Amino acid sequence: MSEWRNWAGDQRCTPSRIERPATVAEVARQVEQAAAAGSTVKAVGAGHSFTDIALTGGVQLRLDGLSGLISLDRDAKQVTIAGGTRLFEVPALLEPYGLAMENLGDIDHQSISGAISTGTHGTGLKFGGIATQVRALTLVTGTGEVVRCSATENPEIFAVARVGLGALGIITSVTLQCVDSFMVHAVERAEPLPGVLESLAERNATLDHFEFYWFPHTQMALTKSNTRHTLGGLPAGVAPLSTRAHLVDDVLVSNTLFSAICRVTSKLPSAIPRVNKMASSLTGNREFGDLSHKVFATTRTVRFREMEYAVPLASIPTILSELDAMIDRLGLRVSFPVEVRSAAADDIALSTANGQDRGYIAIHQHIDTAPFEYFRAAEEIFRAHSGRPHWGKWHFLQSKDFESLYPDLEKFCKVRDVLDPKRVFSNAYLGRVLP
């Protein structure tokens with residue numbers, strides 16, 4: 001069988017066989033056969049997780065055949081889409097009805113089922129992760145049963161299944177709560193980091209969407225402030241990026257040139273501090289507006305590994321200071337900026353924002369650069385501040401480490417025991433992180 005790799009290219013597996021179901025009945029049949037044979041099944045989407053969460057030596061189900069719009073309730077602004085639908089496909093499905101997803105992350109190549117299963121999120125304290133937009137979902141359980149759940153139908157399953165890690169079943173459809181189509185006014189500026197941190201609480205509280213990127217070895221940050229507007233309601237003079245500006249800024253500089261620089265500096269790490277100082281002074285400083293999905297999502301062709309932790313908002317300045325000191329103490333050279341975002345609290349059992357508004361700090365290393373000394377040292381800092389790791393990004397925690405982080409973990413595992421009694425969906429990752 002052919003080898004499967006994730007987007008970053010460093011997680012690999014060889015499934016016993018690959019199936020491409022086109023109907024829910026076909027998914028159920030594959031699960032029933034695996035359960036009867038004592039084998040395992042793992043559904044895979046875009047492979048954009050950095051962990052081994054998608055790996056399997058059993059049957060791999062590729063859900064691209066389960067894609068597209070299933071139904072729509074225009075009055076309720078709710079749409080049901082197939083589980084294999086990619087996020088970048090959703091805007092075209094919603095556009096004829098004047099609808100949009102409430103919020104998105106900065107990457108939109110994940111499948112909707114994969115995105116919610118791992119807790120994918122955007123930024124903005126008024127908005128939760130993508131899973132909070134889910135109003136119902138259908139999944140095939142480990143016995144091959146097709147179960148629909150919502151706040152009123154199988155609510156005990158719904159309470160845990162929106163961020164389900166693929167442990168509860170295979171999601172075949174998702175009902176999303178949408179909003180009317182809207183525009184976003186984007187302002188990007190390079191600013192001194194101390195001033196950004198001093199005003200962070202105010203910006204998070206007053207701006208619709210705020211994030212920033214700190215360049216290690218410097219005291220500079222690239223800030224991104226996004227304000228929501230109705231269609232046609234952008235401020236005078238604010239317009240979409242020109243084709244030339246998009247090609248230069250987002251394709252050539254942010255991807256092609258940045259990738260080339262990372263490859264060079266991976267062989268010459270002593271140059272990274274100087275390169276970061278130059279990059280922090282040259283990037284940013286632009287203003288534009290467009291449809292929401294065109295602003296939220298960006299093109300990413302540079303291959304990297306990533307770790308991200310959800311942390312208490314108030315601890316962000318301290319954590320960044322400790323990261324800076326750690327990088328200097330260990331003599332590390334870090335070319336990728338550190339990304340800082342936020343999201344609203346929710347009540348989803350294994351959501352990283354369960355019970356509390358959260359800040360998110362993401363660290364990266366180019367795929368050609370060994371990341372683990374940096375990642376392990378950073379994780380010690382994140383854990384000291386009660387951080388919760390993103391389920392789809394690098395971390396080194398074991399099941400015992402999650403007991404104090406998630407008060408509803410036992411509830412999640414009890415539902416898993418009912419839905420997947422034979423562990424048809426299990427793999428090494430789930431065996432590591434779940435009791």
Side-chain angles (χ1 to χ4, degrees), residues 50-51 106 121 123 190-201 203-204 210-224 258 261-262 265-266 269-281 283-284 302 304-343 352-353 356-367 369-397 401 405:
F50 296 90
T51 66
D106 58 0
H121 61 93
T123 192
E191 302 181 45
L193 178 64
V196 174
L197 294 176
E198 184 178 349
S199 62
L200 182 59
R203 296 196 206 198
N204 278 333
F210 179 70
E211 63 184 304
F212 69 91
Y213 294 79
W214 163 55
F215 292 81
H217 314 293
T218 81
Q219 284 296 299
M220 292 298 295
L222 171 63
T223 63
K224 296 189 175 185
F258 184 57
I261 289 173
C262 287
T265 55
S266 69
S270 61
I272 289 175
R274 295 193 301 276
V275 170
N276 283 9
K277 287 182 173 64
M278 180 177 65
S280 66
S281 64
T283 56
V302 183
F304 55 85
R305 297 181 181 95
E306 181 175 358
M307 168 182 281
E308 182 180 64
Y309 263 74
V311 299
L313 283 164
S315 68
I316 289 175
T318 300
I319 292 174
L320 291 187
S321 176
E322 291 176 0
L323 283 174
D324 191 21
M326 176 270 290
I327 290 170
D328 184 60
R329 183 179 70 254
L330 297 181
L332 299 176
R333 294 294 179 261
V334 180
S335 58
F336 263 79
V338 174
E339 182 180 20
V340 180
R341 295 180 287 174
S342 65
T352 51
Q356 185 183 44
D357 292 345
R358 285 271 163 168
Y360 290 86
I361 300 179
I363 62 174
H364 315 71
Q365 282 286 39
H366 189 265
I367 199 65
T369 302
F372 298 121
E373 183 181 13
Y374 178 34
F375 283 8
R376 288 185 181 277
E379 186 170 69
E380 291 183 8
I381 296 171
F382 297 143
R383 291 194 66 188
H385 293 273
S386 303
R388 294 169 172 169
H390 190 297
W391 295 107
K393 299 178 184 180
W394 271 99
H395 67 86
F396 305 99
L397 272 59
D401 299 314
L405 295 178

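Because the structure is a prediction, the values reported are computed rather than measured. In what follows, residues are counted from 1 in the order of the sequence shown. Scope of the values below: all heavy atoms of this structure, side chains included, with no hydrogens, waters or symmetry mates.
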Quick one: pull up CD in Gln365 and CD in Glu373 and give me the separation to the nearest 0.5 Å. 10.0 Å

Does [X] reach the side chain of [Y], with side-chain heavy atoms less than 4.5 Å apart?
X: Leu193; Y: Phe212; result: yes
X: Arg358; Y: Thr352; result: no
X: Arg333; Y: Pro273; result: yes

After noting the C-alpha distance and the side-chain angles of Ile367 and Val302, does the key distance pass the side-chain contact (heavy atoms from CB on, under 4.5 Å) rule? CA-CA 9 Å; Ile367 199 65; Val302 183; over 6 Å; no

Using the six-membered ring of Phe375, assess whether NZ or CZ of Arg305 lies under 6.0 Å from its centre and within 45 degrees of the ring axis. no

The test is salt bridge (charged side-chain N to carboxylate O under 4.0 Å, His left out); show your working for Arg203 and Glu191 and say whether it passes. CA-CA 14 Å; Arg203 296 196 206 198; Glu191 302 181 45; 2.8 Å; yes

Dump the intermediate steps for side-chain contact (heavy atoms from CB on, under 4.5 Å) on Ile363 and Tyr374, then the final yes or no. CA-CA 9 Å; Ile363 62 174; Tyr374 178 34; 3.5 Å; yes

Please give me the minimum heavy-atom distance between [X] and [Y], naming the atom from each residue.
X: Lys277; Y: His217; answer: NZ-O, 2.9 Å
X: Thr369; Y: Ser266; answer: OG1-CB, 3.6 Å
X: Leu405; Y: Pro389; answer: CD1-CD, 4.4 Å
X: His364; Y: Pro337; answer: ND1-O, 3.4 Å
X: Ala378; Y: Met326; answer: N-CE, 3.7 Å

Tell me if the aromatic rings of His366 and Phe304 count as close, with their centers under 6.0 Å from one another. no

Are His390 and Glu306 close enough that a side-chain donor and a side-chain acceptor fall under 3.5 Å? no

Pair Thr223, Tyr213: side-chain N/O donor-acceptor within cut-off below 3.5 Å: no

side-chain contact (heavy atoms from CB on, under 4.5 Å) between Phe215 and Phe336, worked out: CA-CA 7 Å; Phe215 292 81; Phe336 263 79; over 6 Å; no

Tabulate below the donor-acceptor pairs under 3.5 Å that side-chain atoms of residues 308-318 make, not counting sequence neighbours, or state none.
residue, atom, partner, partner atom, Å
Glu308, OE1, His121, NE2, 2.9
Glu308, OE1, Lys393, NZ, 3.4
Glu308, OE2, Arg341, NH2, 2.9
Tyr309, OH, Glu379, OE2, 2.6
Ser315, OG, Pro312, O, 2.7

Donor-acceptor pair, distance only, cut-off 3.5 Å: does the side chain of [X] make one with the backbone of [Y]?
X: Thr123; Y: Phe210; answer: yes
X: Asn276; Y: Pro216; answer: yes
X: Asp328; Y: Leu323; answer: no

Stepwise side-chain contact (heavy atoms from CB on, under 4.5 Å) test for Trp214 and Val340: CA-CA 8 Å; Trp214 163 55; Val340 180; 5.8 Å; no

In terms of the angle between their ring planes, are Trp391 and His395 parallel, tilted or perpendicular, with boundaries placed at 30° and 60°? perpendicular

